[in-house]
Structures are given as structure tokens and as C-alpha cells.
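Since the structure comes first, as C-alpha cells, the remarks are kept for the end.
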Amino acid sequence: MGTPYTPYPQGTGSPYGEPEPQRGYLQGGPVGFGEAVTEGFRNIVTFTGRASRSAFWWFFLGAIIIDIIGAVVGRAAHAIVIQYVVYIVVALVSLSLSVRRLHDTDRSGFWWLIGLIPIIGGIILLVFYLLPGTPGPNRHG
């Protein structure tokens, strides 16, 4: 015997039951670890568009791994230059990804500069990075 009411549809679609359109990487769509790292390097100087939380945090994990590998290879080869080149490339990708992550929360990329304030700036940026992105379009895409 069925119940007399119909529950609201469950899922990630809109509140009215229509499916949400699929969003791409630069539109703030969700990604996995491999795609986050490859797309991060593919869009190394792209400061427009949006980056989802998954894209940001998966790349953050990948950046730590890449930095460790760069340090080990640089020291083993007695070529610290390799280590510094890896650090600079990863830092540039991280900067562009951070700006796109701020765009996903409907903030200007210039909010990244608040991170230059010791302790408080880093905490504020961390909170912004942890916030969910704005659903649907915003002024950044």
C-alpha cells in the first residue's frame, strides 16, 4: 500500500525537480583528482571562469605531492634549480586556481591579496575556499 503523499525529488537538480545542466571545469563543475591536476596545469594562466571546491582541493593535494617529488628529484640530482622551477610552476597554477575558486563564491580575484595579511588573511581565505560556490550563473560565469 502506497503513502498518500509524494516526497520532493531527491538529488542534485534544481528545487523544482528539473535536472541541473552539466557544468564544465571552468564553469565550476565537479572533478576528480586526475582531472583536477591535469586541468589545473592546462589552464595555468586562466584567471577567468570558476573552480569548484573539488577542483581546488584535489589540485591542492596534487600540488603537495608534486612539490615533494620535485624536492626529492632536485636534491637527488644535485640540481636545486629543478626544485625551484617546480615550485614556481605549481605556485602560478595555484594562484590562478585560487582566483577561479574565489570567482565561484562570487568574489573578485583581488580578494586573494587579503592572504598577504599575516594569520587573519589566511584564515579569511581558507573560509572563502571552503564555502560552497554560488548555484547557477554569477558575475564570473
Side-chain angles (χ1 to χ4, degrees), residues 2-141:
T3 59
Y5 77 96
T6 305
Y8 289 112
Q10 303 295 318
T12 60
S14 74
Y16 302 108
E18 299 94 25
E20 195 172 285
Q22 193 71 352
R23 296 186 297 172
Y25 176 77
L26 289 177
Q27 287 81 37
V31 296
F33 177 74
E35 187 179 3
V37 174
T38 57
E39 288 295 326
F41 281 106
R42 189 172 292 146
N43 296 292
I44 191 168
V45 290
T46 304
F47 291 90
T48 59
R50 297 166 66 166
S52 64
R53 281 189 290 187
S54 62
F56 181 82
W57 291 111
W58 279 125
F59 182 82
F60 186 77
L61 175 64
I64 291 171
I65 294 168
I66 291 167
D67 283 344
I68 290 171
I69 292 170
V72 169
V73 169
R75 290 183 192 270
H78 299 291
I80 302 299
V81 172
I82 294 172
Q83 186 177 350
Y84 290 128
V85 168
V86 169
Y87 288 163
I88 290 170
V89 170
V90 169
L92 184 58
V93 176
S94 298
L95 174 63
S96 68
L97 193 61
S98 297
V99 168
R100 291 195 310 267
R101 180 71 199 121
L102 289 169
H103 287 173
D104 193 41
T105 61
D106 204 20
R107 288 178 177 76
S108 169
F110 287 109
W111 273 100
W112 182 84
L113 296 173
I114 201 168
L116 298 176
I117 299 172
I119 302 170
I120 299 297
I123 293 171
I124 291 171
L125 273 181
L126 178 64
V127 169
F128 287 165
Y129 295 152
L130 291 171
L131 290 173
T134 56
N138 66 17
R139 59 190 164 135
H140 301 286

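We count residues from 1, following the sequence as given.
No more than 12 heavy atoms of other residues, nucleotides or ligands lie within 6.0 Å of CD1 in Ile119, so this atom counts as exposed by the packing criterion. Sparse packing is recorded around OH of Tyr84, with 12 or fewer heavy atoms of other residues, nucleotides or ligands lying under 6.0 Å away.
Ser96 places a side-chain N or O within 3.5 Å of a backbone atom of Ile44 that can act as its donor or acceptor partner.
Here Tyr25 contributes atom OH and Thr46 contributes atom OG1; the two are 8.5 Å apart, rounded to the nearest 0.5 Å. Taking CZ of Arg139 as the reference point, atom OG of Ser108 lies at 7.0 Å (rounded to 0.5 Å). For the atom pair CG (Asn43) and OG1 (Thr38), the distance works out to 9.5 Å, reported to the nearest 0.5 Å. To the nearest 0.5 angstrom, Arg100 atom CZ is 5.5 Å from Leu26 atom CG. In this structure, the separation between CD1 on Ile123 and CD1 on Ile114 is 11.0 Å, given to the nearest 0.5 Å.
Using a 4.5 Å heavy-atom threshold, the side chains of Tyr87 and Asp67 count as touching. A 4.5 Å side-chain heavy-atom check between Leu102 and Phe110 finds every atom pair outside the cut-off. Between Phe41 and Ile66, the closest side-chain pair of non-hydrogen atoms falls below 4.5 Å.
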Side-chain donor-acceptor contacts of residues 128-138 below 3.5 Å, not counting sequence neighbours, with atom names and distances?
| residue | atom | partner | partner atom | Å |
| --- | --- | --- | --- | --- |
| Tyr129 | OH | Ser98 | OG | 3.4 |
| Thr134 | OG1 | Arg50 | NH2 | 3.2 |
| Thr134 | OG1 | Asp104 | O | 3.4 |
| Thr134 | OG1 | Asn138 | ND2 | 2.8 |
| Asn138 | OD1 | His140 | N | 2.8 |
| Asn138 | OD1 | Gly141 | N | 3.3 |
| Asn138 | ND2 | His103 | O | 3.0 |

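In this structure, Phe56 and Phe60 have parallel ring planes: the angle between them is below the 30° cut-off, well short of the 60° mark.
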